[in-house]
Amino acid sequence: MHQRCSNPECAAAFELHDRLTLCPACGDLLEIAVEPPAIAPEELKRIWLQRKCSYEPRDVSGVWRFREFLPNGYSELVTMGEGNSTLVDGRKSAAWAGLRNLRFKHLGWNPTACFKDLGMTTGVTEAVFSRARVVGCASTGNTAASLAAYAARAGLRARVYLPAGHVSENKLAQAIDFGAEVVHVAGGFDAALERILREANGSLYFLNSINPFRLEGQKTAMFEMLEQLGWQPPDYVVVPGGNLGNSSAFGKALAELLAAGFIDRLPRLVVVQAQGANPLARMWRSGNRELQPIDEPETAATAIRIGNPRSWNKALRAVEQTNGLVLDVSEDEIAEAKAVIGREGIGCEPASATTLAALRQLREQGKIDRDAMVVAVLTGHALKDTSFILKSRLGEPAMQGEWRA
Ligand code: F0G
């Protein structure tokens, strides 16, 4: 296993634990090159299941349970039993979207209530291994909360750069509760990310999703989902897209599992953005292959209020390799879909609801079959943004009308 430049034209290789932010040769993003494990797929699938009967922290973790595909060499793991999230039926949501077979992979049911924990256990473990004392990130809120928690567990200082006035209070409260130092940056997430990249010197270990160790943990969401489906890939996996690290991680997981013979076909990856923060969706529609950043992205789904996503190239490759799709949804569609998921007793934060909104759109346009087997990835818990719920003007009666029809 080693680090490699993600740009296929460069593909420069580096030692696994070299401390790098970007490729020193060409400046592009790095990735972890993972070779197929020596153990046969059926045997490894059995071993992974067996680990669920163990109380060892590395087995209890729904991330490290899949360690044959993860960076190695660690004597200490920073873990809180992350992963192990439910794949739950969304019957009312399916009916609302016009589908028959919809499940939610709820990554909001993690220690800090968001999928970021899957990548923080690997990212902070690597930070400890490389003897970092201070870890930092720019964030729309969730990465900050998760970073703060895992840093606290590891005894590291955490510094988080947040777009002033555009982070949900619940997420800010988590970061403060877990003891992070908060830097409020004027402008949006993009400005915060530029600022930390400028200010980060050797003493700060950088933990945004351009850190390839984070994506390794995040990719296990696909391992766990496939295990829960008896290793029968669904037709579609739908995921919200902000900085596009998670879509990239999912594409990487699926490619590795196919190459190693764990699955025999790929689900189509559908990436969904909010209309006001949709640079990838715009590029996709235009047929261009160069991303045009959006200067002032705007959406009430503040988690994905991002105009210049850094991992767009990796995410585009993931979508193309899986014959997937990219689309965007309006603010009203997000609010309505979120209310439907809430009224199923599941709940999620606004960014996560883009998935269901997109499915309804795809059904209305006849682009997806009613019987398709679909997994929508819910990235954050309903309690991540309570003011959105309280401010929402969509009333219950309209929603009930939809379900009875
Ligand atoms: N959903 C939620 C709830 C998020 O917090 C994020 C990203 C995404 C989806 C999009 O994931 O960036 O990998 O495409 N939140 C980051 C943060 C940006 O700082 O918490 P992505």
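In each ligand, atom 1 is the first atom listed, and ligand 1 is the first ligand listed.
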Can you pull every nitrogen or oxygen pair between ligand 1 and the protein closer than 3.5 angstrom?
unit_1, atom_1, unit_2, atom_2, d
ligand 1, 1 (N), T379, OG1, 2.7
ligand 1, 5 (O), N142, ND2, 2.8
ligand 1, 12 (O), N243, N, 2.7
ligand 1, 13 (O), G245, N, 3.1
ligand 1, 13 (O), N246, N, 2.8
ligand 1, 14 (O), G242, N, 2.7
ligand 1, 14 (O), N243, N, 3.3
ligand 1, 14 (O), L244, N, 2.7
ligand 1, 15 (N), K116, NZ, 2.9
ligand 1, 19 (O), S139, OG, 2.7
ligand 1, 19 (O), T140, N, 2.8
ligand 1, 19 (O), T140, OG1, 3.3
ligand 1, 19 (O), T143, OG1, 3.1
ligand 1, 20 (O), S139, OG, 3.4
ligand 1, 20 (O), T140, OG1, 3.4
ligand 1, 20 (O), N142, N, 3.1
ligand 1, 20 (O), T143, N, 2.8
ligand 1, 20 (O), T143, OG1, 3.0

Notebook entry, point to check: Between F262 and W48, is the gap from one ring center to the other below 6.0 Å?
Noted result: yes

(Q) In terms of relative ring orientation, are W64 and Y74 parallel, tilted or perpendicular, with 30° and 60° separating the classes? (A) perpendicular

Given the options L99, V272, V329, L359 meets side chain to side chain contact (heavy atoms under 4.5 Å, CB included) only with L99

From the list V63, V34, N211, L118, side chain to side chain contact (heavy atoms under 4.5 Å, CB included) partner of E216 resolves to V34

So, T125 side chain and V78 main chain: donor-acceptor pair closer than 3.5 Å or not?
yes

Item to complete: Tell me whether the centres of the aromatic rings in F213 and Y205 are closer together than 6.0 Å.
Response: no

